[in-house]
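Structure first, then comments.
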Amino acid sequence: MLIKNWGLILAAKPKYAPPVSYLSRRNPTVWIGRTKGEMENATVNLKPHGEDLSGRVHQLPCCVKHDGPASVSHYFKPKPNGVSDEGLPLQEAHFRGRLLQGTTLQLPHGYTGFVLAKKTSPPSSKQNSNSWVTKATFQDITYWNHDYVPSHNDELLRAFHWLTVAKALHDPVTPEELASSSLSL
């Protein structure tokens with residue numbers, strides 16, 4: 001297996017993502033940066049091709065500063081422990097001697113996870129140097145904690161709840177819904 005520090009992105013089908021639905025489907029352009037001076041143009045190609053990593057995407061509570069070959073499956077062996085907490089089936093694994101407890105979460109309906117890699121272009125090319133391409137996709141993610149058991153209060157799980165709120169805010173309202181929800185003062 002190859003450990004690669006790739007960027008991960010969670011993207012929705014265009015009808016669930018009004019803020020980015022105006023972008024070209026072939027090569028959407030996004031602006032990245034914190035301040036106006038740091039803004040730079042980036043192209044992201046979200047064509048779902050490459051390997052399906054469902055069941056093999058893990059968010060570890062640490063930073064691995066390594067790009068290259070590693071026998072991850074030889075050392076990192078998650079196992080279900082048969083316990084369920086708050087309705088979440090728990091797993092156990094060890095990483096560098098530390099006990100990790102995790103759970104696998106399905107991505108919400110209509111969403112797909114993408115593994116992105118920066119596209120390299122020759123120095124002589126005048127092409128955008130900040131282009132990203134899809135290397136793989138996934139439909140679930142296993143996240144791990146080392147200090148506590150995974151729960152519904154964890155940041156990742158709470159972030160998934162925001163997707164439901166965002167969808168409700170951006171869905172069009174029909175005339176029937178407006179009529180049925182009249183407010184009386």
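The residues of the chain are indexed from 1 along the displayed sequence.
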Using distance only, find each side-chain donor-acceptor pair of residues 77-93 under 3.5 Å and give its atom names and separation, not counting sequence neighbours.
residue: Asn81; atom: OD1; partner: Val83; partner atom: N; Å: 3.0
residue: Ser84; atom: OG; partner: Leu88; partner atom: O; Å: 3.4
residue: Glu86; atom: OE1; partner: His152; partner atom: N; Å: 2.9
residue: Gln91; atom: NE2; partner: Thr104; partner atom: OG1; Å: 2.8

Any idea which heavy atoms bring [X] and [Y] closest together, and the distance?
X	Y	value
Tyr143	Ser151	OH-O, 3.4 Å
Arg158	Asn153	NH1-O, 3.0 Å
Gln101	Leu99	NE2-CD2, 4.0 Å
Phe76	His94	CD1-O, 3.8 Å

Out of curiosity, [X] [atom1] to [Y] [atom2], how far, rounded to the nearest 0.5 Å?
X	Y	atom1	atom2	answer
Lys167	His109	NZ	NE2	8.5 Å
Asp140	Leu107	CG	CG	7.0 Å
Leu100	Asn145	CG	CG	8.5 Å
Arg98	Cys62	CZ	SG	9.0 Å
Ile141	Gln106	CD1	CD	11.5 Å
Trp144	Gln59	CH2	CD	12.0 Å

- Message: I'd like to know if the side chain of Ser54 and the backbone of Gln139 have a donor-acceptor N/O pair within less than 3.5 Å.
- Response: yes

- Are the side chain of Thr134 and the backbone N or O of Asn45 linked by a donor-acceptor pair below 3.5 Å? yes

- Query: Transitively linked via ILVMFWY side-chain contacts under 4.5 Å: Val149 with Leu156?
  - Reply: no

- Transitive ILVMFWY side-chain link Val133 to Leu46, under 4.5 Å: no

- Note on the structure: Besides Val165, the hydrophobic cluster formed by Ile, Leu, Val, Met, Phe, Trp and Tyr side chains linked at under 4.5 Å, directly or via other members, contains Trp162, Leu169

- Query: Centroid-to-centroid, Phe114 to Trp132, below 6.0 Å?
  - Reply: no

